[in-house]
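Values below: every heavy atom of this structure, side chains too, minus hydrogens, waters and symmetry copies. The chain is numbered in sequence order, starting from 1.
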Amino acid sequence: MSESQVWDDVDDYFISHLAPDDEVLRAALRDSEAGGLPEIAVSAAEGKLLHLLALTQGAGRILEIGTLGGYSTIWLARALPADGRLVTLEYSPRHAEVATRNIARAGLDKIVEVRVGAALESLAVLADEHPTPFDLVFVDADKVNNPYYVEWALKLTRPGSLIIIDNVVRGGRVADPDSTSPDVRGTRTAIELIGSHARLSGTAIQTVGRKGYDGFALARVLD
């Protein structure tokens, strides 16, 4: 049996007992596939982790950078109280259209707002609105801009907020200081920013599973 098959089997076992899906989540993935969206949504195990982190935070306000088809959005929004709010930013109008339908089917459209456009522009607009600080920020968008997303997250959060950055391993390439790949350079800069910033305490974890070899970074905003 190949190593990747073992990863898949273990993931399937964990998911079946700890993160079983439901028709809403299955429909979100089906509609995303039917809409031609890339199959890069978080796994069910990762979705459940996001859900638990939001619950642990006691999050009332969540910011998501990178919506795709809304699968991770649903996991996160289900952790919010009835008066909570989740703002999710998506570059592609087509992706946002699919996500909006999926979120509405989940019955979460009253607390989730999908904003369409380049995330850096949307973040500037959001900041100008002087919103109540977000308790959790999930970054899962274009990797070249990861350091800018971290900087914006700092402006839009409070002490005690949690910042999560997905896909930081880049197939192991993140360890290569000579890489010229924009996604690697952006991710390395974000990791190094977290490590050096006086208002952040963070770590990063490597993972294996249905999404292959990857990982994520976590950072807590300090006083």
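Shortest non-hydrogen contact noted between Pro81 and Ala59 is CD-O, 3.4 Å. Taking every heavy atom of both residues into account, Gly186 and Asn146 meet most closely at O-CB, 3.8 Å. Closest non-hydrogen pair, Ile194 versus Gly202, comes out as CG2-CA, 3.9 Å. When every heavy atom of Glu64 is checked against every heavy atom of Thr88, the shortest pair comes out as OE1-OG1, 2.6 Å. Residue Gly215 comes nearest to Asp166 through the heavy atom pair O-OD1, 3.7 Å, listed as atom of the first residue, atom of the second, then distance. Listed here is the closest heavy atom pair of Glu90 and Gly66: OE1-C, 4.0 Å.
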(request) List the steps, then state whether salt bridge (charged side-chain N to carboxylate O under 4.0 Å, His left out) holds for Lys211 with Asp11. (result) CA-CA 10 Å; Lys211 296 297 179 179; Asp11 235 13; over 6 Å; no

(message) For a side chain to side chain contact (heavy atoms under 4.5 Å, CB included) check, start with the C-alpha distance between Thr56 and Leu162, then their side-chain angles and the critical distance, and finish with the verdict.
(response) CA-CA 10 Å; Thr56 301; Leu162 185 66; over 6 Å; no

(message) Run Val137 and Leu156 through side chain to side chain contact (heavy atoms under 4.5 Å, CB included) and show every step you take.
(response) CA-CA 9 Å; Val137 179; Leu156 292 164; 5.8 Å; no

(message) I'd like to know whether Leu49 forms a side chain to side chain contact (heavy atoms under 4.5 Å, CB included) with Trp75, so could you lay out the CA-CA distance, the side-chain angles of the two residues, the decisive distance to 0.1 Å, and finally the verdict.
(response) CA-CA 9 Å; Leu49 175 62; Trp75 275 108; over 6 Å; no

(message) Trp152 vs Leu63, test: side chain to side chain contact (heavy atoms under 4.5 Å, CB included). Steps then yes/no.
(response) CA-CA 11 Å; Trp152 274 113; Leu63 173 63; over 6 Å; no

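Asp135 contributes a side-chain N or O that, together with a main-chain N or O of Gly60, makes up a donor-acceptor pair within less than 3.5 Å. Counting only distance, with no hydrogens or angles, the side chain of Arg94 and the backbone of Gly35 share a donor-acceptor pair below 3.5 Å. Distance alone, capped at 3.5 Å, is enough to place a donor-acceptor pair between the Thr67 side chain and the Leu89 backbone. Between the side chain of Arg85 and the backbone N or O of Ile111 there is no donor-acceptor pair closer than 3.5 Å. Within the 3.5 Å criterion, the main-chain N or O of Ser43 finds no donor-acceptor partner in the side chain of Lys48. Although no hydrogens or angles enter the test, the distance criterion places a donor-acceptor pair under 3.5 Å between the side chain of Asp22 and the main chain of Val24. No donor-acceptor distance shorter than 3.5 angstrom exists from the side chain of Thr187 to the backbone of Val168, with no hydrogens or angles considered. Side chain of Gln206 to main chain of Gly172: no donor-acceptor pair is present (N/O by atom type, distance under 3.5 Å, no hydrogens or angles).
In this structure the side chain of Ile164 reaches within 4.5 angstrom of the side chain of Leu218, judged on heavy atoms. Here the side chains of Thr132 and Arg158 are not in contact, with every heavy-atom distance at 4.5 Å or above. For the pair Ile62 and Phe138, the minimum side-chain heavy-atom distance is 4.5 Å or more. For the pair Val150/Val139, no side-chain contact is recorded, criterion being any heavy-atom separation below 4.5 Å from C-beta on. No side-chain heavy atom of Val114 sits under 4.5 Å from any side-chain heavy atom of Thr73. Two residues are said to be in side-chain contact when any heavy atoms from C-beta on lie closer than 4.5 Å; Ser181 and Arg170 fail this criterion. Leu123 is listed as a side-chain neighbour of Tyr149, based on a closest heavy-atom distance under 4.5 Å. Val221 has its side chain within reach of Leu200: a pair of non-hydrogen atoms, C-beta onward, lies under 4.5 Å apart.
Dense packing is recorded around CZ of Arg101, with more than 12 heavy atoms of other residues, nucleotides or ligands lying under 6.0 Å away. Shown here is Gln5, whose CD atom has more than 12 heavy atoms of other residues, nucleotides or ligands within 6.0 Å. Annotation: Tyr213, atom OH; neighbour count of heavy atoms from other residues, nucleotides and ligands within 6.0 Å is above 12. By the 6.0 Å contact criterion, CD on Glu121 is open, its count of non-hydrogen atoms from other residues, nucleotides or ligands being 12 or less.
In terms of hydrophobic clustering, with Ile, Leu, Val, Met, Phe, Trp and Tyr side chains grouped at heavy-atom distances under 4.5 Å, Val42 and Leu136 are assigned to a common cluster. Put simply, Phe216 and Leu193 are part of two different groups of oily side chains (I, L, V, M, F, W, Y) that touch within less than 4.5 Å, one to the next. Hydrophobic clustering (ILVMFWY, side-chain heavy atoms < 4.5 Å, transitive): Leu29 and Leu37 are in distinct clusters. By the criterion of side-chain heavy atoms lying less than 4.5 angstrom apart, applied directly or through intervening Ile, Leu, Val, Met, Phe, Trp or Tyr residues, Val125 is not grouped with Tyr91; the two fall into different hydrophobic clusters. Leu50 and Leu18 end up in different hydrophobic clusters when Ile, Leu, Val, Met, Phe, Trp and Tyr side chains are linked at under 4.5 Å.
A distance of 7.0 Å separates CG of Asp142 from CG of Leu120, quoted to the nearest 0.5 Å. His51 NE2 to Leu80 CG: the interatomic distance, rounded to the nearest 0.5 Å, is 9.5 Å. With rounding to the nearest 0.5 Å, the separation of CG in Leu52 from CD in Gln57 is 12.5 Å. Taking CG of Asn145 as the reference point, atom CG of Asp183 lies at 11.5 Å (rounded to 0.5 Å). Once rounded to the nearest 0.5 Å, the distance linking CD of Glu46 with CD1 of Ile15 reads 8.5 Å.
Contact check on Glu33 versus Arg30 returns no salt bridge, with no Lys/Arg side-chain nitrogen under 4.0 Å from an Asp/Glu carboxylate oxygen. Taking a cutoff of 4.0 Å between a charged side-chain nitrogen and a carboxylate oxygen, Asp176 and Arg188 do not qualify as a salt bridge.
Only one option out of Asp31, Asp109, Leu108 pairs with Asn102 in a side-chain contact (heavy atoms from CB on, under 4.5 Å); it is Asp31.
Legend: residues meeting side-chain hydrogen bond (donor to acceptor under 3.5 Å, both in side chains) with Glu151, ordered by chain and number and at least two apart, are absent.
The closest side-chain donor-acceptor pair between Ser2 and Ser4 falls under 3.5 angstrom.
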